[in-house]
Every structure is written in structure tokens, then in C-alpha cells.
Number of protein chains: 4
Amino acid sequence: MMNEEQWLKELLQLNGEDVKLSEKQIKILEAAIEMFAEKGYAATSTSEIAKKAGVAEGTIFRHYKTKKDLLLAIVTPTLLKSVAPFLAKEFVKEVFESQYESYEDFIRALLKNRYEFVKKYLPAIRVFWQEIAFHVEIKEQLQRIFTAHVYQKFKQIVEYFQKNGELAAIPADSVIRMTIIAIAGFLVARFIVLPDYEWDDEAEMERTVQCLMHGLAKK
Amino acid sequence: MMNEEQWLKELLQLNGEDVKLSEKQIKILEAAIEMFAEKGYAATSTSEIAKKAGVAEGTIFRHYKTKKDLLLAIVTPTLLKSVAPFLAKEFVKEVFESQYESYEDFIRALLKNRYEFVKKYLPAIRVFWQEIAFHVEIKEQLQRIFTAHVYQKFKQIVEYFQKNGELAAIPADSVIRMTIIAIAGFLVARFIVLPDYEWDDEAEMERTVQCLMHGLAKK
Amino acid sequence: MMNEEQWLKELLQLNGEDVKLSEKQIKILEAAIEMFAEKGYAATSTSEIAKKAGVAEGTIFRHYKTKKDLLLAIVTPTLLKSVAPFLAKEFVKEVFESQYESYEDFIRALLKNRYEFVKKYLPAIRVFWQEIAFHVEIKEQLQRIFTAHVYQKFKQIVEYFQKNGELAAIPADSVIRMTIIAIAGFLVARFIVLPDYEWDDEAEMERTVQCLMHGLAKK
Amino acid sequence: MMNEEQWLKELLQLNGEDVKLSEKQIKILEAAIEMFAEKGYAATSTSEIAKKAGVAEGTIFRHYKTKKDLLLAIVTPTLLKSVAPFLAKEFVKEVFESQYESYEDFIRALLKNRYEFVKKYLPAIRVFWQEIAFHVEIKEQLQRIFTAHVYQKFKQIVEYFQKNGELAAIPADSVIRMTIIAIAGFLVARFIVLPDYEWDDEAEMERTVQCLMHGLAKK
DNA sequence: CATGAATGAGCCTTCATTCAT
DNA sequence: GATGAATGAAGGCTCATTCAT
């Protein structure tokens with residue numbers, strides 16, 4: 001239980017400060033995440049959530065003005081954390097200056113990092129991806145953040161390693177697209193489509209990196 | 001309109017025989033596909049569908065016993081057509097004997113074929129993919145068809161081209177996974193995530209094929 | 001089947017003339033009687049009746065303008081036949097002049113006659129009694145016929161046997177009430193409440209007559 | 001109003017403990033009883049009940065999960081109370097030991113007691129008897145209670161007064177049947193068939209008792 | 001703060017009835 | 001005459017939300 005609370009607080013915490021969540025609030029969020037992930041937002045009733053959370057129906061609305069607010073309280077932090085590495089101020093500098101000597105190292109690190117992230121917060125991430133198609137607010141939020149933060153930085157990195165000679169001279173957009181597809185595709189296959197298949201995670205992730213790099217490398 | 005009717009009938013037609021759809025039925029299906037795609041099954045009311053289709057609400061239930069039946073009437077054929085190339089009896093023989101001299105030719109053909117398919121039936125496909133997370137029946141149907149038809153044939157093809165020397169000796173499962181991710185990932189990016197981006201489809205598809213082949217080829 | 005048709009025609013036939021019923025009409029009436037008896041008029045849908053009768057939904061409404069008309073087509077003749085002995089023109093004369101030498105003979109004959117009647121037309125009678133509480137038209141019809149035909153004649157008979165010295169000098173209304181209750185009560189017990197009990201019909205009917213006569217006879 | 005509440009609470013109270021009914025609940029039950037009695041369960045809509053009760057339709061379903069639950073909440077206690085005298089633990093002893101010196105006294109008391117009961121709870125009793133034909137649950141409940149409690153005790157009493165010499169030596173079952181028919185028949189005539197007739201209740205009940213006793217007494 | 005009774009709009013579905021074929 | 005597709009009102013029931021306690 002301590003554990004449950006913990007992952008939630010970590011997920012919802014956005015700027016280092018501890019989030020303040022009453023015990024009831026935590027129960028509500030947990031229940032909502034679980035049910036939204038399983039049945040979808042529209043097919044889940046607030047009374048079900050209340051029952052599963054062990055609180056009165058009214059209590060949910062004390063904390064979240066509407067059912068949609070409850071959804072967004074889950075989705076917004078998840079979305080932010082999903083693209084988090086790119087939100088870090090120092091991120092690009094780190095990539096160039098020392099941390100990653102090659103694009104290969106970079107995507108390997110990125111894949112591993114996102115793998116751990118999805119593993120940890122899977123239910124919330126399911127909610128996020130399942131609902132994004134139905135709620136413009138979420139779609140726009142993601143687009144805003146992606147173009148404002150992720151895309152720019154990603155592009156810099158790609159172009160750096162193209163000049164550097166590691167990557168082939170294909171359009172940066174294509175490189176970015178293929179990189180994201182390879183990483184996201186692996187995670188979707190691993191955690192959503194075939195979570196019960198017996199994965200050799202280490203090997204498969206390395207294969208993913210290799211395949212991508214051979215595909216993108218300068219020949 | 002003639003056109004509209006046509007694509008629907010093609011989508012729903014499963015074994016060569018013409019499907020018989022009354023005009024009202026077509027209107028209902030069109031309206032349902034459009035609304036399910038946009039708002040999701042659970043958030044779409046039958047009265048909205050009826051209004052958009054220009055029929056009485058009761059008419060929907062004369063043709064489809066329940067709202068869920070209406071969903072499945074859309075999703076089942078879409079699902080079947082989605083994995084259709086692999087359902088053709090002669091398919092494997094064709095691949096080996098002449099049509100495709102290399103795995104590269106094969107995936108190029110596959111990608112183009114699926115690209116045309118998605119382009120044509122996009123709304124129905126959206127419905128299918130958006131709802132699969134929420135309905136076990138659909139998930140099980142897909143799994144059954146995939147393991148029974150797609151997976152076996154795909155494996156034969158991959159192993160053939162591995163013996164042949166074109167593909168590297170990594171596990172067939174991994175090759176299949178990466179192939180599917182590359183193709184599906186491109187289509188998702190192209191039609192769902194960024195349908196409004198100015199795509200140079202020819203170039204981008206070729207790049208996808210190249211990247212994948214370099215990644216998978218024997219070095 | 002010949003049989004089925006027969007009893008229905010007999011029930012519906014009111015004034016000696018043969019009733020003209022198309023085959024479909026018979027099927028509809030049979031189905032309606034069966035379902036109304038089992039589930040009640042309000043809980044039976046016309047489409048169920050149509051299905052059970054093997055006709056199209058519209059066919060019912062060609063023969064009976066409304067669902068209620070269908071009910072009345074069943075109930076009215078049943079009601080009339082239920083009080084039929086008293087409708088016969090010559091009835092009172094028969095009782096006095098020869099047929100029945102005593103009130104005891106009269107009620108014995110009445111009971112046997114009504115017993116055969118209920119046995120033959122049970123489902124239709126069930127419909128009649130189950131629905132009478134809910135439809136004023138039926139209630140009024142019964143009241144009209146009862147006061148106009150049954151009550152008057154019954155009273156004459158009772159008063160005759162009171163003067164005659166067979167019956168005690170209690171109010172005729174009370175005698176009528178107790179007679180009807182004894183007869184109707186037996187039939188309800190026999191056919192509705194405990195149809196599956198192993199009845200010795202002869203003995204039980206005789207007991208009913210005896211009990212009633214001892215109760216009513218002059219001491 | 002105070003009065004209304006009172007009779008309802010008395011009817012629904014089953015084991016001495018006070019039933020807790022919110023004001024809205026009482027209004028709902030009152031409205032439901034009235035409408036079910038008048039139009040029948042199947043022909044009464046929950047929205048009508050709500051309107052008559054002066055509550056929102058949803059409120060009905062907060063207290064009674066389904067419309068049928070509402071019916072049973074009315075019918076079950078009515079059914080139990082209807083056969084209540086026989087449910088009392090001490091009942092048989094009372095009959096034998098002192099209270100009733102003869103079968104005549106016993107049925108006189110029973111009739112008067114049931115008369116008061118029907119007079120008090122008429123609408124609920126109508127619902128009970130009108131619906132019993134259509135709902136197996138109710139029929140089975142009555143059968144269970146009757147055979148388990150009423151029949152056994154009734155039989156003991158009858159056989160006691162037969163040995164005793166008061167009652168003739170006809171089968172106990174027949175005595176029971178005729179007794180019940182006489183009592184129930186009177187009540188049905190009095191309250192259902194001809195409630196508006198000018199009844200001299202005292203006289204008519206005594207006549208009923210006399211008639212029955214003369215019919216059943218040893219000669 | 002938390003509760004849970006109350007609400008009434010809206011949901012999916014069924015119904016009796018009509019009417020073109 | 002018979003059909004059965006079409007209708008739209010009404011049915012039972014659920015829902016998100018409010019508010020007095």
C-alpha cells in the first residue's frame with residue numbers, strides 16, 4: 001500500500017515538490033486509473049470508482065469538479081512524464097557534451113529509460129493512450145508539448161549526429177519518426193499487445209537498437 | 001454517395017458474395033463508423049447515430065439487435081480485412097515462387113498494400129483500433145486470427161529468406177515484430193498521429209523499407 | 001389441430017351461426033390466449049403473438065384494429081359463455097317445470113356444467129379473470145350481463161325454492177352469493193390454485209353440493 | 001398522512017422491529033400500491049409512480065434496484081401477513097387449549113380477523129392477488145409458506161374437531177378447502193366484486209359461518 | 001471535509017401501429 | 001389478404017452532479 005501511494009505520488013509530482021494527496025484522494029485516483037484503463041473513461045461510472053475507492057460518491061466531486069477533471073488529473077501528469085526526458089533543461093547539453101558519445105548510446109538510454117517508465121506506470125499510460133483519441137484537450141496538450149519541447153531538441157540531436165557522420169543524411173523528421181516508432185512500437189508490443197509473451201527484454205531491446213541503428217547509420 | 005455505398009459494401013463483403021444492405025442500413029453504418037471513430041463507442045448514443053443517419057432510432061435496432069452488435073458488424077469485417085493478405089490461400093506460394101524475389105520486395109508490397117487499405121477504410125480502422133482495448137471479444141477474435149493465419153505464414157516467409165541468406169539469423173519472432181512495428185508504425189504516424197503533415201508518401205515509404213531492411217539484413 | 005380450431009370456434013360462436021375464422025386468425029387467437037393467460041395482456045407483446053402464431057406482425061392488425069380489440073375478441077365471448085346457462089331464454093321455465101326438482105339438483109347440474117365449461121376453455125377463462133381487474137370495459141360488460149340476466153333469474157329460482165320450503169328464509173342475495181362462491185370457489189381451487197393436486201372430482205363436487213345444501217337448507 | 005404512513009409501516013413490519021422508511025420511500029410505496037392495484041404492475045410505468053409520489057424517477061431506483069423489487073417489497077410482506085395467524089408460534093395451542101371451544105368459534109374468529117385485515121390493507125392485497133398469476137416467484141413463495149405453516153396447522157385443528165365430534169368425517173383436505181373458500185369467497189365478494197353494495201357485514205359474516213358450519217357439522 | 005440521498009437528463013431498447021409492396 | 005420495414009413514443013434504468021446534513 002505504501003508502495004501504491006508512492007508510485008502515484010511520483011507520477012503526479014511534477015516539479016520536484018511533494019504533491020499533497022489525502023488518503024481518500026489517493027484511493028480515488030488509484031481506482032480511477034484502474035477502471036479507466038480497463039473499461040475506458042466513458043464506460044466507467046463515478047459510482048463504480050467511488051465504490052472501488054471506498055469513498056462516498058460525493059467525495060470524488062469534492063476533489064475533482066467533474067469526471068473529466070478527474071481524467072485530466074491522471075492524464076496530464078502522465079503525458080508530461082511520458083515526454084519528460086526532453087523537458088529537462090539541461091538535456092541537450094548533456095547529450096552532446098558527455099553523456100552519450102553516439103546516437104546509438106542515446107537511443108539505447110532512451111529506450112531503457114522509457115521501458116522503466118512504462119513498466120512502472122503502465123495503467124496510467126494505458127489511460128492516456130486510450131483516451132487521447134477521444135479528447136481534443138489531451139491531443140492538443142500533447143501536440144503543444146511535443147512541438148515546443150521534444151521535437152526541437154530531438155532535431156538538434158539528430159542533426160548533430162548527422163554532421164558528426166554517424167547518421168545518414170536523410171531528413172531529420174524521418175529519423176525522428178523512425179526512432180520514435182521503433183521505441184514506442186517496442187513498448188506497445190511489450191506491454192500492451194503481448195504482455196504475457198515470454199520476453200527476453202535485454203536481448204530484444206538491444207536488437208531493437210541494433211536494427212534501428214543499422215537502418216539509420218551512414219553506409 | 002454511390003461512392004460511399006461502394007466502399008462500405010467492399011469493406012463488409014467477406015467471401016466474394018455481394019452483401020445485401022438496404023439504403024437505411026448503409027446510412028446507419030456510415031453514421032456509426034463516423035461517430036464511433038470520432039467520439040468512441042461508449043460515448044456515442046444510438047439516438048445520435050439515428051439522427052445523423054436520418055432514420056428513426058428504432059430502425060437501428062431492427063437491423064442490429066443491440067448497440068454492441070452494430071459495433072461488431074463494423075469491427076469484425078474490418079479486422080478480417082486488416083489481416084487479409086495473409087488469409088489468401090495461395091499467399092505463401094506466391095511469395096516464394098515468383099512474386100517476390102526478396103524480403104525487401106515483400107515488405108514493400110505489403111506496406112503499399114496496407115497503405116492503400118488504411119487510406120480507403122480509415123474511419124472503420126480507427127474504430128477497430130480504438131475499441132479493441134475495451135472489448136475482449138474483439139481482442140480474442142484478433143488473437144485467434146493472428147495466431148491461426150498471419151503468424152504461421154509470416155514465420156515461413158521469414159525463415160525462407162533467412163535460409164536464403166537475405167535476412168540475418170535473429171529469431172524469426174523478432175523479425176516479424178520489427179517488420180510489423182515498422183509498417184504499422186508508419187501507418188499510425190501517417191494517418192492517425194499526423195494526418196495533416198505534408199507527407200511525401202512515396203519517399204517516406206521507401207525510407208521505411210530501406211531502414212527496416214538495413215536493420216534486418218545479413219551483414 | 002382440428003381439435004384446437006374446434007374449441008376456439010365453439011367458444012367464439014355466440015348465436016348458433018358458425019363463426020368464420022381464417023386459418024391465420026385462428027392461429028393468432030390461439031397464440032394470444034395462450035400468452036395472455038401465461039404472462040398477462042400488458043406483458044405480452046404483439047410481436048411475440050405474431051411469432052408464436054407464425055404470422056407477420058402486420059397480420060394481427062389487419063384482423064384486430066388494436067391490441068385491445070384482440071383481447072376483447074377473446075374476452076367478450078368467454079364472458080358471455082361463462083354466464084351462458086342464464087342467458088338461455090327458456091332457462092327459468094326449465095328449472096321450475098321439470099328439469100330440476102330441487103335446488104340441490106339445480107346447483108348440482110350447474111356445478112357440473114360449469115366444471116365442463118372451465119375444463120374445456122380454461123386458458124380463455126384465465127385471461128378473462130386475470131384481466132377483468134384492469135379493464136373497466138370488461139368489468140362493466142360483466143356487471144351489465146350479470147344484473148340483466150343472471151341475477152334476476154337466479155333470484156326467481158331461489159325465491160321459488162324458499163317458498164317451496166327447501167331453502168331457509170335467509171335473504172335471496174345471501175343465498176345467491178353463497179352458491180356462487182361455493183361453485184366458483186371450487187372451480188378456482190380445482191383449476192387455478194391447485195390444478196396438479198390429485199382431485200377426486202366426482203366426490204369433491206358432490207361434497208361441495210352437500211355442504212352448500214346443508215348450509216342453506218331449511219332446518 | 002400520519003395515518004397513511006402508519007398502515008404502511010404496519011404492513012411492512014415483519015418481526016416486531018420498526019421498519020425504517022424515509023418519507024420519500026413511503027410516498028413511493030403508497031403510489032406504487034395504488035397504481036399497481038388499479039392498472040396492474042405491467043401497465044404501470046415507473047415514471048407514473050414517480051410523478052404520483054412526487055419524487056424523481058431516479059429516486060425509485062435508489063431505493064428499489066428494479067421495478068420488480070418494488071413489487072416484491074409490497075407483495076412479500078402482504079403475503080406473509082395474509083397468512084399471518086397461522087405463522088404465530090402459539091397459534092395451535094391457543095386454538096386447542098382455550099381460546100376457541102369449537103370449530104365454529106375458530107372460523108368466526110378467523111373470518112373476523114381476516115375481514116379486518118383485508119379492510120385495512122385492501123390495496124396491497126389486491127396487488128398481491130392480481131399479480132400472483134404472473135410471477136412465479138410470488139406463487140412459489142405462497143406455496144412454500146402455505147404448505148410449511150398454514151396447511152399443517154389447519155389440518156391439526158380440523159382433525160381435532162373431527163375426533164371431538166363437532167365436524168363430520170369427511171377428508172380434512174376437503175374441510176380445509178371449503179373453509180378457505182367460504183372465508184376468502186366472502187372477502188372477495190365483499191371487497192373486490194361488490195365493494196359498493198350495501199353490506200350488513202355482521203349479519204352476512206354470521207350467515208357465512210352458519211352456512212359453513214351446517215355444511216360441515218356432523219349430522 | 002465527507003457523506004449519500006436526491007435529481008432529471010439521457011441511455012439503450014421495446015412497443016403498438018402504419019403502410020408501401 | 002399478407003408482409004415486415006419503419007416509426008417515434010415510451011419504458012426501465014443509469015449517470016454525473018448537487019447539497020443538506
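Chain A is the first sequence line, chain B the second, and so forth, proteins listed ahead of strands; every chain is numbered from 1.
- For Thr59(C) and Gly54(B), each mapped to the nucleotide of DNA chain F holding its nearest heavy atom, the one lying further toward the 5' end belongs to Thr59(C).
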Evaluate side chain to side chain donor-acceptor pair (under 3.5 Å) for Thr46(B) paired with Glu57(B), printing each intermediate quantity in order. CA-CA 7 Å; Thr46(B) 50; Glu57(B) 208 172 344; 2.8 Å; yes

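- Considering only side-chain N and O atoms, Lys65(A) lies nowhere under 4.0 angstrom from the phosphate OP1 or OP2 of dA16(F).
- Rounded to whole angstrom, the span from the NZ atom of Lys51(B) across to the C1' atom of dC11(E) amounts to 13 Å.
- Between the P atom of dC15(E) and the NZ atom of Lys67(C) lies a distance of 9 Å, rounded to the nearest Å.
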Secondary-structure notation, DNA chain F, from Watson-Crick and G-U pairs under 3.5 angstrom (| other strand): .||||||||||||||||||||

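- One finds a salt bridge joining Glu137(B) and Lys68(B) here, because a Lys/Arg side-chain nitrogen approaches an Asp/Glu carboxylate oxygen to under 4.0 Å.
- Salt-bridge formation is detected for the pair Lys39(B)/Glu48(B): a Lys NZ or Arg NE/NH1/NH2 atom is positioned less than 4.0 Å from an Asp or Glu carboxylate oxygen.
- A salt bridge does not link Arg126(A) to Glu38(A): none of the charged side-chain nitrogens sits closer than 4.0 Å to a carboxylate oxygen.
- For dA6(F), one of the phosphate oxygens OP1 or OP2 lies less than 4.0 angstrom from a side-chain nitrogen or oxygen of His63(B).
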Polar atom pairs between nucleotides 19-21 of chain F and protein, under 3.5 Å, N or O only, would you list them?
none

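- In this structure, the side chains of Ile74(A) and Phe36(A) come closer than 4.5 Å at one or more pairs of heavy atoms.
- As a whole-Å value, the separation of Glu48(D) CD from dG11(F) P is 7 Å.
- Annotation for Lys65(C): atom NZ does not count as buried by contact number, only 12 or fewer foreign heavy atoms lying within 6.0 Å.
- Note: CD (Glu57(D)) to C1' (dA5(E)) measures 17 Å, nearest angstrom.
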